[in-house]
Structure formats: structure tokens, C-alpha cells
Amino acid sequence: MRQKVSFQYTIQQAKHVANVLTKELGWNKNTTYTLIKRCIKKGAIERSEPNFMCHALIPKEEVQEAETNELINKIYDGAADKLFAALLSRKKLSAEEIEKLKQIVADLE
């Protein structure tokens, strides 16, 4: 959810982020502002005025890659093939989806 909120808009007020996270996760305003300030210290978010505007400094793709790597390492012992197999076993794929996956694998070789 945090990732979704940070990339949903290019620049957004901290107040808006707090309202979304209160509604979606039940967080109180202080928790959200603490998280935003930590992200500012780490260089992930830039703050501007007026109105405590927040701007994500890390590209969405970079965050997605880091989150995916963390998932693979934490849940699948670092084995991406185990994640891939788990995802594929949960859904019947169409012929078109199978071809797209074959192309992705071919591009990796």
C-alpha cells in the first residue's frame, strides 16, 4: 500500500497520504508523518512547501525490483524459479499468456 500511495500521484500533500493510509490501513496521522519523515531522511521522498508536499525520488521500477528481491529472498530462499512456479500454479494461463512468458524467458537467454 505504501508503494501504491507514493506513486499514485507525482506530487502530493502529506495530509492526503495520511488520509489514504488512515482509510486503507487504519494508521493514525502521526504514524504516517513519522514514516514520511523517515523516508525524507533516507532520500526516498523530497519535501517541499507550502503545504508539506511530498515527491517520490526513487523510480517506481526500482522500488518494485527491491520489493520483489526481498520477497524472493524471504519467502523462496532466494530462488526466483520457486516464485515463478508458485505464481503459475495458481492460474490457468491462456495460449497468449504462455507465449508472452516464453518470450520473456527467451529474452533472458
Side-chain angles (χ1 to χ4, degrees):
M1 179 55 68
R2 288 175 296 188
Q3 180 181 327
K4 181 180 175 185
V5 171
S6 67
F7 296 110
Q8 192 171 11
Y9 307 99
T10 305
I11 298 176
Q12 54 194 318
Q13 289 184 342
K15 180 180 179 180
H16 172 73
V17 175
N19 289 339
V20 169
L21 293 176
T22 295
K23 181 181 175 187
E24 298 290 328
L25 300 177
W27 289 11
N28 77 31
K29 181 176 147 182
N30 291 336
T31 301
T32 302
Y33 277 82
T34 298
L35 177 66
I36 290 170
K37 288 176 184 175
R38 286 181 186 166
C39 289
I40 290 168
K41 276 187 175 180
K42 291 181 178 187
I45 294 175
E46 179 179 66
R47 176 183 178 168
S48 61
E49 295 296 340
N51 301 322
F52 197 155
M53 301 300 289
C54 299
H55 174 70
L57 297 175
I58 300 173
K60 181 178 182 178
E61 296 76 17
E62 190 175 318
V63 173
Q64 288 173 328
E65 183 177 342
E67 293 285 333
T68 301
N69 288 335
E70 184 177 336
L71 172 70
I72 291 168
N73 290 331
K74 186 185 242 181
I75 306 297
Y76 297 98
D77 300 320
D81 59 323
K82 289 181 184 177
L83 170 63
F84 192 68
L87 291 171
L88 294 178
S89 69
R90 287 169 172 49
K91 180 184 176 202
K92 182 164 174 67
L93 299 174
S94 69
E96 181 181 338
E97 291 171 318
I98 291 170
E99 285 305 313
K100 285 180 184 178
L101 290 171
K102 284 180 181 178
Q103 186 60 50
I104 290 169
V105 172
D107 290 346
L108 293 173
E109 296 179 328

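Values in this document were obtained by computation on a predicted structure and should not be read as measured data. Hydrogens, waters and symmetry mates are skipped; everything else that's a heavy atom, side chains included, is used.
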field: Trp27 with Ile40, same ILVMFWY side-chain cluster at under 4.5 Å
entry: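 Shared cluster, yes.
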Roughly how far, to the nearest 0.5 Å, is [atom2] of [Y] from [atom1] of [X]?
{"X": "Gln13", "Y": "Ile11", "atom1": "CD", "atom2": "CD1", "value": "11.5 Å"}
{"X": "Glu67", "Y": "Lys60", "atom1": "CD", "atom2": "NZ", "value": "12.5 Å"}
{"X": "Leu87", "Y": "Leu101", "atom1": "CG", "atom2": "CG", "value": "10.0 Å"}

- request: Please go through Val105's hydrophobic cluster and name the other residues, only I, L, V, M, F, W, Y counting, with side-chain heavy atoms under 4.5 Å joining them.
  value: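 Answer for Val105: none, a lone residue.
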Contacts of type side-chain hydrogen bond (donor to acceptor under 3.5 Å, both in side chains), residue [X], not counting sequence neighbours:
{"X": "Asp81", "result": "none"}
{"X": "Glu70", "result": "none"}
{"X": "Ser94", "result": "Glu97"}

task: For residues Asp77 and Lys82, determine if any side-chain heavy atom of one lies less than 4.5 Å from a side-chain heavy atom of the other.
output: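 Yes - at least one pair of side-chain heavy atoms lies under 4.5 Å apart.
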query: Do Val17 and Leu35 have side chains that get closer than 4.5 Å, going by heavy atoms?
result: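 A side-chain contact is absent here, since even the closest heavy-atom pair is not under 4.5 Å.
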- prompt: Taking all non-hydrogen atoms of both residues, which atom of Ile45 and which atom of Leu57 are closest, and how far apart?
  reply: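 Nearest heavy atoms, Ile45 then Leu57: C-CD1, 3.9 Å.
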message: Which residues pass the side-chain contact (heavy atoms from CB on, under 4.5 Å) test with Ala44, not counting sequence neighbours?
response: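 Testing Ala44 for side-chain contact (heavy atoms from CB on, under 4.5 Å), a comparison that skips the adjacent residues, returns Cys39, Ile58.
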side-chain contact (heavy atoms from CB on, under 4.5 Å) against Lys102, all qualifying residues, sequence neighbours excluded: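 In terms of side-chain contact (heavy atoms from CB on, under 4.5 Å), with neighbours along the sequence ignored, Lys102 is linked to Ile98, Glu99.
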Qualifying salt bridge (Lys or Arg N to Asp or Glu O under 4.0 Å) pairs, either residue in residues 47-59, two or more places apart: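 For residues 47-59: Arg47-Glu49.
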message: So if I apply the side chain to side chain contact (heavy atoms under 4.5 Å, CB included) rule between Leu71 and each of Thr68, Asn69, Ile75, Asn73, which one comes out positive?
response: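 Testing each of Thr68, Asn69, Ile75, Asn73 against Leu71, the sole residue satisfying side chain to side chain contact (heavy atoms under 4.5 Å, CB included) is Ile75.
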field: Pairs touching residues 28-43 that satisfy side-chain hydrogen bond (donor to acceptor under 3.5 Å, both in side chains), sequence neighbours left out
entry: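 As it turns out, the side-chain hydrogen bond (donor to acceptor under 3.5 Å, both in side chains) pairs with a partner in residues 28-43, which skip direct neighbours, are Asn28-Thr31.
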Sequence neighbours excluded - ring-ring contact (aromatic ring centres under 6.0 Å, His included) pairs with any residue from residues 66-95: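 Passing the test, one end in residues 66-95: no pairs.
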